[in-house]
K.L.:
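Okay, here's the structure, questions in a sec.
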Amino acid sequence: MLRLGIDVGGTNTDAVLIDDDRVLGAVKASTTADVTGGIVTALGDLRQATGFDPAAVHAVMIGTTHFINALVEGERLARTAAIRFGLPATRALPPLVDWPDRLVSAIGGHSYLCHGGHEYDGSHIAAFDEAEFRAVLDRAVAAGATSFALSSVFSPVNAEFETRAAEIIDEQLPGAPVSLSHEIGRMGLLGRENATVVNAALRGLADQVATGLLRTVTEAGIDAPVFLSQNDGTLMDVDYARRYPVATFASGPTNSMRGAAFLSRLTSCAVVDIGGTTSDVGILQQGFPREASTDVNVAGVQTNFRMPDVLSLGIGGGSHVVHQASGTAVGPASVGYRLAQEALVFGGTRLTATDIAVAGGRADVGDRSLVAHLDKAVVDAALRAVDDRLAEVVDRMRASAEPVPVVAVGGGSILVPEDLAGASRVVRPDHFAVANAIGAAIAQVGGEVDRIYSVVPQQRDTVLDEARQEAVDRAVAAGARPGSVEIVDIEEVPLAYLPGNATRIRVKAVGELSLGGPHA
């Protein structure tokens, strides 16, 4: 089965063609501002390199940084109304209370509180006041809101208020985008609410990007379903991406980690993914990225939706190298996508980490003679600085004192030494430079349950079975082939501060993509 994997990064757009578990071809093209231009170039280059027939492609998987870039830049965001059901509680911390001012302004700063919400056991804090909500909705529309984020206290336990409010919006404003917090975030009101507001602010852009990606694929002669990569290493179809663009935020490092697992055949290891500007370090568990256990800060906003546990540092192939009397510094400034013009080995004038790697014998790219004049002491000092910082981050990420295998991927992974402190061994697999696109191409379909249950001691197994089945059902509903779905992660956390044997249970299931109908 032919799969086409595409990863749109800040510097390069990578494309790979995979037949089952064989990589048939891989190319890199420069990313363009409109995203689709780089994809068109990459597809053309890949077709020239492999001669593949577009009509023979069964599926196209795309990872993109488009949406998180829009949030970071504070541009192309919809005017969004953040409406919470929680009164008379939660008044002290209204929606958007912890947002950076620039982002509050970018989305219009519309936040509202309504009566409602639930206790952890599903009982009402206050009844739903329909007249109150309709009045709030009228005020939000008058203020210019075009997208709506609805959150309710403990909505993952009982989502009735969010669901009823969405029905009213659909009655009054047919077709208006609505994001519901129980579908997006986890337990924890502010983090879940923030993730929902971010999602709502990106809905308009998501529609434009999804339409552009579909058009680009179709114009390339490919008549196959298109999927986007999610934060947890699984896939979603284009319609799902239109509704939940926030689910793509960490698809770049996640794809690289999944690609690293596929290429190295290691399911438990550390992954160092180095691009032109940054290095991302994460941990693979059972072939999937370890997920962050705490709220994740995205562009200054605390959120609690599914995100991989990744540490980033400002070292990449294009990082500036500065040697002074006080020492040698590498990064965080970088030439980025201008590496091929500005690095010394390519005839440029800027000393970069790539030049240091070539001069130190770790790589053979460009013209080695152009860095032959570099002082060996400077080269050694720069390489030592890179090694020390990479080793420090790997050490911070590993869960025990035992050395772990390290898989080096990404175009900038030429910087990783063969012997890295804290690593049992360093693996640099074939096609390491396009691991991100490979991770997109081989991605599976997932389903997750994250909820608080009241667990009676004699009923624990029954509750866990119920959660497992719901996770499997969600994976199948998302497009997984039923017989292929398996449970890959179970987390059970008793909540001592709540009565009634309250336990938070999180279950994740994944399965192979079904391309021939629900029972294929």
K.L.:
Going by distance alone, is a donor N or O of one side chain under 3.5 Å from an acceptor N or O of the other, for S151 and T196?
P.N.:
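Distance-only check fails for S151 and T196.
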
K.L.:
Judged by modelled atom types alone, do S181 and R84 share a side-chain donor-acceptor pair under 3.5 Å?
P.N.:
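Their side chains do not contain a donor-acceptor pair, so the 3.5 Å distance test is not met.
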
K.L.:
As a test of understanding, state which of V404, V310, D309 forms a side-chain contact (heavy atoms from CB on, under 4.5 Å) with M397.
P.N.:
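The side-chain contact (heavy atoms from CB on, under 4.5 Å) with M397 is passed solely by D309 among V404, V310, D309.
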
K.L.:
Treating R398 as the side-chain partner and E402 as the backbone partner, does any N or O pair qualify as donor plus acceptor under 3.5 Å?
P.N.:
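Yes.
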
K.L.:
How far does CE of M61 sit from CG of L228, to the nearest 0.5 angstrom?
P.N.:
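Answer for the CE-CG pair, M61 versus L228, is 11.0 Å.
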
K.L.:
With distance as the sole criterion, is a donor-acceptor pair present between the side chains of Q172 and R134 under 3.5 Å?
P.N.:
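Judged by distance alone, the side chains do pair up.
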
K.L.:
What is the minimum heavy-atom distance between L266 and L284, and which atoms define it?
P.N.:
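What the structure gives for the nearest pair is O-CD1, 4.1 Å.
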
K.L.:
Does F128 have its ring centroid less than 6.0 Å away from the ring centroid of F85?
P.N.:
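Judged by ring-centre distance (under 6.0 Å), F128 and F85 do meet the cut-off.
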
K.L.:
Report yes if the distance between the aromatic ring centroids of F161 and H124 is under 6.0 Å, otherwise no.
P.N.:
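When the ring centroids of F161 and H124 are compared, they turn out to be within the sub-6.0 Å range.
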
K.L.:
Does either side chain, that of Q230 or that of T234, offer a donor lying less than 3.5 Å from an acceptor on the other one?
P.N.:
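Per modelled atom types, Q230 and T234 side chains form a pair under 3.5 Å.
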
K.L.:
State whether the side chain of S279 and the backbone N or O of I315 hold a donor-acceptor pair below 3.5 Å, judged by distance alone.
P.N.:
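Confirmed, S279 side chain pairs with I315 backbone.
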
K.L.:
So which atom in L180 and which in V178 form the shortest heavy-atom distance, rounded to 0.1 Å?
P.N.:
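Closest approach of L180 to V178, heavy atoms only: CD2-CG1, 3.7 Å.
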
K.L.:
With distance as the sole criterion, is a donor-acceptor pair present between the side chains of N199 and S179 under 3.5 Å?
P.N.:
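The criterion, which ignores hydrogens and geometry beyond distance, is satisfied for S179 and N199.
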
